[in-house]
Amino acid sequence: MSQPATDQTPSGAFLPELHHPVHEFGARRIDFRSQVALMAIVNRTPDSFYDGGRTFALEAAIDASLQAVAAGADWVDIGGVPFAPGPALSAREEAERIVPVIEAVRAASDVVISADTFLPEVAAASLRAGANVINDTTGLHDPDMAAVVAEGGAHLVITHSLAAPRTVYPRPRYGDVVEDVVGFLRRKVDLAMDLGIPAEKIIIDPGHDLNKNTLHSLEITRRFGEIAALGYPALAAVSNKDFIGETLDQPKQERLSGSLAAAVICVMNGARILRMHNVPEASAAIRMAEAVLGWREPSYLKHNMGEANEPAAP
């Protein structure tokens with residue numbers, strides 16, 4: 001599919017022309033021309049990157065998912081295995097971690113649900129449980145994943161990464177990291193469509209920090225528009241990542257401000273899905289960005305709106 005045209009708003013924001021701007025996720029309909037979707041992160045793992053296992057218990061994972069929805073998340077991404085190197089988990093064990101969470105959240109909400117998995121067996125079980133999306137951080141490392149997604153009528157997030165699942169990868173080297181990522185995503189999108197996934201079900205993610213150093217991730221953030229210009233809704237997963245910590249010299253629990261800054265930069269360069277840990281803060285940042293872009297009205301108008309204006313309250 002040819003690369004779509006692009007446009008800019010008076011604010012300087014980059015507006016990619018999407019091949020299929022409106023996406024249906026079960027009962028939810030998202031128009032990515034004028035909406036940024038907030039994806040909350042719920043990891044049912046004892047060694048998750050950010051929270052160190054806070055939502056490993058079943059009830060904790062369910063509660064965190066529903067709290068995220070109440071706080072403004074449009075989408076909940078539920079995972080049972082980190083991308084980082086570590087021992088493999090069987091498909092049965094991984095499914096036992098995430099399927100009960102998906103079932104409980106689907107019973108309580110029409111929120112978009114994605115299963116963060118690279119195993120086709122887990123993907124199939126997740127779709128049967130009520131997931132709408134498979135978030136494959138390996139970029140179809142296993143091509144059998146495409147058949148599962150196509151048969152289930154689900155969406156697929158195609159993410160750029162270089163390593164095989166759960167394996168150590170040597171220092172990554174790129175000629176031009178953005179050009180290399182764009183080429184990878186274009187090839188994987190073509191593969192997904194050849195394997196039966198329609199274009200209107202595809203989402204792309206450049207994979208901040210996944211087999212990339214801090215300079216690479218900063219470059220992707222700065223040039224996110226080149227990713228978005230592929231014409232598929234582009235996901236930015238920047239929340240609390242190491243490139244933010246290394247840039248600002250901050251530990252994981254102190255990276256919120258940097259995460260929000262990186263997220264808004266990506267939105268202004270065409271990102272239409274943000275994968276974030278801190279849902280209330282990210283929701284406010286998205287609402288503000290959408291208002292600046294002219295997509296959302298302010299909640300109210302009072303300041304300097306009257307013929308006589310009272311001093312601001314202390």
**Student:** Which pairs count as salt bridge (Lys or Arg N to Asp or Glu O under 4.0 Å) when at least one residue sits in residues 64-73, sequence neighbours excluded?
**Tutor:**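 Qualifying pairs: none.
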**Student:** Going by the salt bridge (Lys or Arg N to Asp or Glu O under 4.0 Å) test, which pairs reach into residues 197-210, not counting sequence neighbours?
**Tutor:** none
**Student:** According to ring-ring contact (aromatic ring centres under 6.0 Å, His included), does anything in residues 101-120 pair up with another residue at least two apart or in another chain? List the pairs.
**Tutor:** none
**Student:** Say you draw a straight line from CD1 of Ile62 to CD of Glu103; how long is it, rounded to the nearest 0.5 Å?
**Tutor:** 9.5 Å
**Student:** Of all residues at least two apart in sequence or in a different chain, which pass the ring-ring contact (aromatic ring centres under 6.0 Å, His included) check with Phe243?
**Tutor:**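 Here the qualifying residues are His208.
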**Student:** Which side chain to side chain donor-acceptor pair (under 3.5 Å) pairs, counting each pair once, include a residue from residues 32-41, with sequence neighbours left out?
**Tutor:**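 Checked against side chain to side chain donor-acceptor pair (under 3.5 Å) - neighbours excluded - the pairs reaching residues 32-41 are Asp31-Arg33.
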**Student:** Atom CG in Leu58, atom CD1 in Ile98: separation rounded to 0.5 Å?
**Tutor:**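 Answer for the CG-CD1 pair, Leu58 versus Ile98, is 12.5 Å.
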**Student:** List the residues meeting ring-ring contact (aromatic ring centres under 6.0 Å, His included) with His23, not counting sequence neighbours, and say none if there are none.
**Tutor:**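 Scan of His23 (ring-ring contact (aromatic ring centres under 6.0 Å, His included), adjacent residues dropped) gives Phe32, His155.
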**Student:** Would you list the atom pairs, donor with acceptor, under 3.5 Å between side chains in residues 123-134 and any protein atom, with sequence neighbours excluded?
**Tutor:**
| unit_1 | atom_1 | unit_2 | atom_2 | d |
| --- | --- | --- | --- | --- |
| Ser126 | OG | Val122 | O | 2.8 |
| Asn132 | OD1 | Arg106 | NH2 | 2.8 |
| Asn132 | OD1 | Ile113 | N | 2.9 |

**Student:** Could you work out, with side chain to side chain donor-acceptor pair (under 3.5 Å) as the rule, every residue matching Glu246, not counting sequence neighbours?
**Tutor:**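 In terms of side chain to side chain donor-acceptor pair (under 3.5 Å), with neighbours along the sequence ignored, Glu246 is linked to Thr214.
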**Student:** Considering only residues two or more places apart or on different chains, which pairs with a residue in residues 72-88 satisfy side chain to side chain donor-acceptor pair (under 3.5 Å)?
**Tutor:** Trp75-Ser114, Asp77-Ser114, Asp77-Asn135, Asp77-Arg275
**Student:** By side-chain contact (heavy atoms from CB on, under 4.5 Å), which residues pair with Arg171, not counting sequence neighbours?
**Tutor:**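 For Arg171, the residues satisfying side-chain contact (heavy atoms from CB on, under 4.5 Å) (neighbours in sequence not counted) are Arg173.
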**Student:** Just to verify, what does Glu93 make a side chain to side chain donor-acceptor pair (under 3.5 Å) with, not counting sequence neighbours?
**Tutor:** Ser90
**Student:** Go through the structure and list residues passing side chain to side chain donor-acceptor pair (under 3.5 Å) with Glu290, not counting sequence neighbours.
**Tutor:**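 Side chain to side chain donor-acceptor pair (under 3.5 Å) check on Glu290 returns Arg296.
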